Amino acid sequence: MKIDFFACSFFHVLHGFKRELHNIKNFHSHSEVYWENIRDDIQNSMNGELNDADTEEHENIVDAYSEELMYAQSTSPKFHRETILVSLYNQVEFTLLRYCSLFNQEVMQQHDNFDKLSNRSVLKNIANYLDFTCRFNSDSYHEEWQYLRCIKFIRNCLVHSNGIVLKNFDEIQIFCNKNNHFKIRYKSIYIEKGAIDDFIGVLFRLFEKLD
């Protein structure tokens, strides 16, 4: 069987997604800087008022700024990182499904199996397809795949239980112990600065190996 490399989308889908990963990484970096700047502006404004006010007014000034500081330091960055993680994982899963589907159609010359692979245990279905049909050496990307598997657990917590870990607690805890930008506090997931960059870095390595 002869395959036209340039006409076959299978050979190009991962490369296209890697370009998209660069755009997502840049967007995320700009967002992190934005919230840091907002936090610094609020802090500087508060410090200016404290310097000009009598000591007995300091507590009232701090109270007036506390909600803004919490919003800039914690609430907004947390929401941003959670949203990025969920969206990014969904894009990865879709891309891998499309990758396998294109292989089945363009290389194997068979039917579109996108819907079949996307039924129930999606990541497991993809892994089995890469192993048994594509004949990839899964040992070469085992570490990245296990990372992605744990990201799926975290994504499920964010989507289905507002970040509270109700399932796969031990596996998520082990993952957090190895990846210090992810934390479990009071049974809830916390995604700290650096976590999204780590995730994107692992994805680059995974897609390079698959490519």
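These numbers come from the heavy atoms of this one structure, side chains and all, not from hydrogens, waters or symmetry mates. Not measured: the values here are computed from a predicted model.
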Taking ring-ring contact (aromatic ring centres under 6.0 Å, His included) as the test, write out the residues that go with His22, two or more places apart. Phe204
List for me each residue that meets side chain to side chain donor-acceptor pair (under 3.5 Å) alongside Arg39, sequence neighbours excluded, and say none if there are none. none
Count the heavy atoms of every other residue, nucleotide or ligand shown that sit under 6.0 Å from CD of Gln110, and state whether that count exceeds 12. yes
To the nearest 0.5 Å, how far apart are CD in Gln146 and CD1 in Ile151? 12.5 Å
CD-CG distance between Glu49 and Asn60, expressed to the nearest 0.5 angstrom: 11.0 Å
State, to 0.1 Å, how close Ile42 and Glu68 come at their nearest heavy-atom pair, and which atoms those are. CD1-O, 3.6 Å
Any heavy-atom pair between the side chains of Tyr89 and Ile154 that's under 4.5 Å? no
Could you pull out the closest heavy-atom pair between Val92 and Phe207, with the gap in Å? CG1-CZ, 4.1 Å
Quick check: Phe114 with Phe94 (ring centres under 6.0 Å apart)? yes
Could you please spell out the steps behind the side-chain contact (heavy atoms from CB on, under 4.5 Å) verdict for Leu85 and Ile196? CA-CA 7 Å; Leu85 184 139; Ile196 301 301; 4.0 Å; yes
Residues which pass salt bridge (Lys or Arg N to Asp or Glu O under 4.0 Å) with Lys78, listed by chain and number, not counting sequence neighbours: Glu82
Spacing of Leu158 atom CG and His160 atom NE2 [to the nearest 0.5 Å]: 10.0 Å
Can you name the residues that form a salt bridge (Lys or Arg N to Asp or Glu O under 4.0 Å) with Glu208, not counting sequence neighbours? Lys18
Decide yes or no for Val33 and Asn37: does some side-chain heavy atom of the first lie under 4.5 Å from some side-chain heavy atom of the second? yes
Can Met108 be reached from Tyr99 by stepping across I, L, V, M, F, W or Y side chains whose heavy atoms are under 4.5 Å apart? yes
Not counting sequence neighbours, which residues clear salt bridge (Lys or Arg N to Asp or Glu O under 4.0 Å) with Lys183? List them please. Glu192
Look up atom CG in Leu102 and atom CG in Leu97, then write down how far apart they are to the nearest 0.5 Å. 11.0 Å
Applying side chain to side chain donor-acceptor pair (under 3.5 Å), name anything that partners Gln91, two or more places apart in sequence or on another chain. Ser87
Rounded to the nearest 0.5 Å, how far apart are NZ of Lys193 and CD of Glu36? 3.5 Å
Does the side chain of Leu96 reach to within under 4.5 Å of the side chain of Leu148, using non-hydrogen atoms? yes
Should Asn90 and Arg155 be marked as a side-chain contact (heavy atoms from CB on, under 4.5 Å) after you check the CA-CA gap, both sets of side-chain angles, and the distance that decides it? CA-CA 9 Å; Asn90 291 345; Arg155 174 260 184 198; 3.3 Å; yes
Is there any salt bridge (charged side-chain N to carboxylate O under 4.0 Å, His left out) pair reaching into residues 122-139, and which pairs are they, with sequence neighbours excluded? none
Might you confirm whether atom NE2 of His15 has over 12 heavy atoms from other residues, nucleotides or ligands at distances under 6.0 Å? no
Between Asn104 and His111 (side chain of the first, backbone of the second, donor and acceptor by atom type, cut-off under 3.5 Å), is there such a pair? yes
Please answer whether the main-chain N or O of Asn137 pairs with a side-chain N or O of Ser140 as donor and acceptor at a distance below 3.5 Å. yes
Taking C-beta and beyond as the side chain, do Leu21 and Leu203 meet within less than 4.5 Å on heavy atoms? yes
Applying ring-ring contact (aromatic ring centres under 6.0 Å, His included), which residue pairs with at least one partner in residues 161-182 are found, sequence neighbours left out? Tyr147-Phe175, Phe175-Phe182
Validation row: Ile172, Cys157 side chains within 4.5 angstrom (heavy atoms): yes
Supply the atom-to-atom distance Glu20 CD to Ile24 CD1, rounded to the nearest 0.5 angstrom. 5.0 Å
Measuring only between side-chain heavy atoms, which start at C-beta, is Ile164 closer than 4.5 Å to Tyr186? no
Residue pair Ser138, Leu130: steps toward the side-chain contact (heavy atoms from CB on, under 4.5 Å) verdict: CA-CA 8 Å; Ser138 58; Leu130 294 176; over 6 Å; no
Tell me every residue that passes salt bridge (Lys or Arg N to Asp or Glu O under 4.0 Å) with Asp197, counting only those two or more places apart in sequence or in another chain. Lys25
Tell me whether the NZ or CZ atom of Arg185 lies within the 45° cone about the ring axis of Tyr190 and under 6.0 Å from its centre. yes
What side chain to side chain donor-acceptor pair (under 3.5 Å) pairs are there with at least one residue in residues 161-171, not counting sequence neighbours? Arg149-Glu171
Beyond-backbone contact of Trp145 with Ile126, side-chain heavy atoms, under 4.5 angstrom: yes
Show the nearest heavy-atom pair for residues Leu117 and Tyr129, with the distance to one decimal. CD2-CB, 4.2 Å
Restricting to ring-ring contact (aromatic ring centres under 6.0 Å, His included), what partner residues turn up for Phe153, sequence neighbours left out? none
Compare every heavy atom of Phe136 with every heavy atom of Leu210, then report the nearest pair and how far apart it is. CD2-CD2, 3.8 Å
Can Phe199 be reached from Phe27 by stepping across I, L, V, M, F, W or Y side chains whose heavy atoms are under 4.5 Å apart? yes
Within 6.0 angstrom of Glu56 CD, more than 12 heavy atoms from elsewhere: yes
Val86 and Phe79: same hydrophobic cluster, using ILVMFWY side-chain contacts below 4.5 Å? no
Side chain to side chain donor-acceptor pair (under 3.5 Å): which pairs involve residues 112-122, sequence neighbours left out? Ser101-Asp112
Is Glu32 salt-bridged to Arg81, cutoff N-O under 4.0 Å? yes
